[in-house]
Amino acid sequence: MRGVPAKFNMKEALSLLIQECKSMRELKQIHSKIITTSPYMTHKDHHFLLSRLLFFCAFSRSGSLAYAVSLFRSFKDPNLFSYNTMIRSFSSIKERMVTSLSPFRLYKRMLASGIQPDNLTFPFLFKSCTIKHEPNTGKTIHTHVIKLGLDSDVFVCNTMIYMYSMCGLSDIALQVLNGMTQRNIVSWNSILIGYLRCGELDQALSMFCDMKERNTITWNSIITGLVQGGRPMESLKIFHEMQRSKDVEPDKVTIASVVSACSYLGALDQGRWVHGYLERQGLKADMVIQTALIDMYGKCGCLERAVEVFNEMPRKDVLAWTAMISAFADHGLTKNAFGLLGEMERQGTKPNHVTFVALLSACAHAVQVDSGRRCFDLMRRVYGIDPLVHHYACLVDLLGRAGLFEEAEELIKSMPMKPDEFVWGALLGSCRMHGNVELGEKIAGYLISLDPQNHAFYVVLSDIYAKAKQFEGVKRVRKLMCERGIQKTVPGCSLIEVDGQIHEFSVRGSAESVKEEIKWLLNILTIELKFAGYVPDINEEF
DNA sequence: ATAGGGTTAG
């Protein structure tokens with residue numbers, strides 16, 4: 001410290017130390033140094049160092065948010081930088097917080113103490129609005145942006161656009177977009193993603209076609225959006241178009257979505273191809289891709305490959321475990337599924353509500369009533385997971401399949417929430433299975449009154465009558481459907497992959513090229529099933 | 001500083 005003003009030296013040195021800090025231990029040492037040297041510093045410098053320390057604590061990999069919070073709480077008058085740090089820290093948390101640390105409370109406190117927010121404050125406030133789905137809070141903050149003249153900032157505007165479009169307010173999003181003096185690709189992508197998230201897929205597609213500039217995120221967003229929106233076939237088409245386009249290269253995100261598209265389609269060859277493509281591109285499968293691969297191989301009936309990918313994983317989170325569990329469940333391997341539940345617990349991963357949906361549906365498909373009841377209990381008592389409607393639907397499905405109608409109805413009555421159409425639908429399906437006309441009529445009547453335009457419930461009711469040979473009933477349902485103008489708009493269809501080509505086939509007919517091959521395949525399957533001792537339930541077919 | 005990925009059910 002010789003020859004240089006101590007004040008200057010101290011601040012610079014400590015600031016450098018913070019930047020290079022590698023652990024919390026080091027950080028605490030620096031913290032105490034800042035405190036002990038504070039008499040030799042100006043207040044401003046002291047505050048500067050503490051706020052840098054806070055920033056490091058909040059965002060560095062070796063930092064600690066808990067320590068950041070305690071640091072922040074020790075500040076008497078946090079500066080703008082510290083407020084921004086805290087708002088950013090909590091902007092990605094979905095739960096509505098009761099503490100003073102919610103971004104909105106921090107923002108209010110900041111305004112109350114006379115500090116003016118800046119262009120770095122707003123993006124994170126809008127992010128918080130997006131995550132919590134609070135467009136009205138967002139609108140209020142939007143007015144502050146205008147008052148402060150920050151409505152020309154690209155970052156601020158883009159996060160506003162994203163918020164509005166994700167909340168389904170694409171009109172306002174477009175207004176913001178049109179008012180911008182300079183837009184960039186993020187502005188357009190934000191609108192596009194909003195459309196996709198709100199299920200306006202055609203709107204998104206038409207915008208995608210009109211876009212002059214498209215980056216990887218644009219392509220990935222549309223591919224993912226189509227898969228999640230239940231149009232995986234189109235997403236594969238866009239993926240192939242992406243490969244042909246010169247200006248972008250598929251990345252890990254693309255691969256994850258495409259693998260996911262393949263599992264929806266049962267497109268094993270395409271899925272395998274993407275798996276190979278990933279390696280050819282020199283990309284390594286990360287946890288997300290591996291999980292998608294497990295799901296894909298599982299859904300395509302290739303359990304061995306699913307297990308292989310699973311065993312190769314160095315790290316597994318709940319989603320990975322759950323994907324493997326449901327692959328076992330889909331293959332009727334209830335024991336393996338439950339075995340994995342124990343294994344995941346031993347390895348320190350807690351199952352979540354999705355894991356239990358997978359387990360319960362495994363029990364339902366295998367009609368293992370005792371396992372199902374025990375599983376439901378286990379979930380509540382041991383894992384402290386409150387059952388959601390989905391879980392009740394699985395259990396109702398199981399009890400119904402087992403013909404335990406009274407218990408199923410009792411369970412529905414005991415539900416803490418309103419049973420939805422899936423819960424009743426599960427029981428209705430069981431009525432069809434067991435020929436329970438009386439209960440079936442009651443449930444179908446109720447479901448039809450809820451959603452008179454949905455053809456599905458009429459069809460099941462008609463099946464129930466047909467199975468009981470009550471053809472008057474069948475006629476009544478058909479007449480009702482005619483009167484109400486209800487048609488089965490989209491015929492049920494299945495997908496089959498032949499030589500890497502995906503074909504749709506349905507009762508209404510299929511492409512000639514694959515028809516013969518499908519017939520041939522079905523014949524073989526029927527013969528093999530007979531050998532295995534399977535007796536088809538032809539009562540269902542009328 | 002802002003935008004994109006994986007698990008369940010029907």
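In what follows, chains carry the letters A, B, and so on, assigned in the order in which the sequence lines appear, proteins first and then strands, with residues in each chain numbered from 1. Note that the structure is a prediction, hence the values are computed from the model and not measured.
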Nucleic acid contacts - [range] versus DNA chain B, non-hydrogen atoms under 4.0 Å:
range: residues 347-357 of chain A; value: V354(A), V357(A)
range: residues 314-331 of chain A; value: D317(A), L319(A), A320(A), T322(A), S326(A)
range: residues 195-207 of chain A; value: none
range: residues 373-398 of chain A; value: H390(A), D397(A)

Mutual orientation of the aromatic rings belonging to Y277(A) and W273(A) [parallel < 30°, tilted 30-60°, perpendicular > 60°]: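 The arrangement is parallel - the two ring planes meet at less than 30°.
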Short N-O contact, K350(A) and D317(A), less than 4.0 angstrom: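 No.
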Are D377(A) and R373(A) close enough for a salt bridge, meaning some N to O gap below 4.0 Å?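 Looking at D377(A) and R373(A), the cut-off is not met.
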Within the structure shown, what part of the strands sits under 4.0 Å from [X] by heavy-atom distance: base, sugar-phosphate, or nothing?
X: I223(A); value: nothing
X: D251(A); value: base
X: F126(A); value: nothing

How would you list, by chain and number, every residue that makes a ring-ring contact (aromatic ring centres under 6.0 Å, His included) with [X], sequence neighbours excluded?
X: W321(A); value: F310(A)
X: F405(A); value: H434(A)
X: H353(A); value: none

Could you tell me which residues satisfy side-chain hydrogen bond (donor to acceptor under 3.5 Å, both in side chains) with D286(A), sequence neighbours excluded, listed by chain and number?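 side-chain hydrogen bond (donor to acceptor under 3.5 Å, both in side chains) list for D286(A), sorted by chain: empty.
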Who pairs with I93(A) by side-chain contact (heavy atoms from CB on, under 4.5 Å), at least two apart in sequence or on another chain?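 Here the qualifying residues are F90(A), E95(A).
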Taking only residues two or more places apart in sequence or in another chain, which ones pass side-chain contact (heavy atoms from CB on, under 4.5 Å) with A173(A)?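 By the side-chain contact (heavy atoms from CB on, under 4.5 Å) rule, A173(A) matches I161(A), Y164(A), S165(A), I191(A).
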Applying the 5.5 Å / 30° rule, does F422(A) stack onto the base of dG10(B)?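 Given the distance and angle limits, no, they do not stack.
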Determine all donor-acceptor pairs shorter than 3.5 Å in which one atom belongs to a side chain in residues 331-346 of chain A; sequence neighbours excluded.
residue, atom, partner, partner atom, Å
H331(A), ND1, A327(A), O, 2.8
E343(A), OE1, R346(A), NH2, 3.2
E343(A), OE2, Q347(A), NE2, 2.9
E345(A), OE1, Y383(A), OH, 3.1

When you measure only distances, ignoring hydrogens and angles, does the side chain of S257(A) come within 3.5 Å of the base of dG5(B) through a donor and an acceptor?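 No, no donor-acceptor pair under 3.5 Å.
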Does any N or O donor sit under 3.5 Å from an N or O acceptor when you compare the side chain of D286(A) with the base of dG6(B)?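 Not at all, since no donor on one side and acceptor on the other fall under 3.5 Å apart.
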Out of [options], which nucleotide sits closest to the side chain of [X]?
X: P123(A); options: dG6(B), dA1(B), dA3(B); value: dA1(B)
X: A256(A); options: dG5(B), dG10(B), dT2(B); value: dG5(B)
X: V253(A); options: dA3(B), dT2(B), dG5(B); value: dG5(B)

Taking only side-chain nitrogens and oxygens of [X], does any of them come within less than 4.0 Å of OP1 or OP2 of [N]?
X: T291(A); N: dT7(B); result: no
X: Q228(A); N: dG6(B); result: yes
X: K299(A); N: dG6(B); result: no

Taking side chain as C-beta onward, heavy atoms only, is Y107(A) less than 4.5 Å from F124(A)?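 They are not in side-chain contact.
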Which atoms form the tightest heavy-atom contact between Y392(A) and P416(A), and what is the distance?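 Smallest interatomic distance, heavy atoms only, reads OH-CD, 3.3 Å.
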With sequence neighbours left out, which residue pairs that include part of residues 169-196 of chain A fulfil the salt bridge (charged side-chain N to carboxylate O under 4.0 Å, His left out) condition?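 As it turns out, there is no salt bridge (charged side-chain N to carboxylate O under 4.0 Å, His left out) pair with a partner in residues 169-196 of chain A once direct neighbours are skipped.
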As an exercise, state the distance from OG1 of T254(A) to CD1 of I238(A), rounded to the nearest 0.5 Å.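 Answer rounded to 0.5 Å: 12.5 Å.
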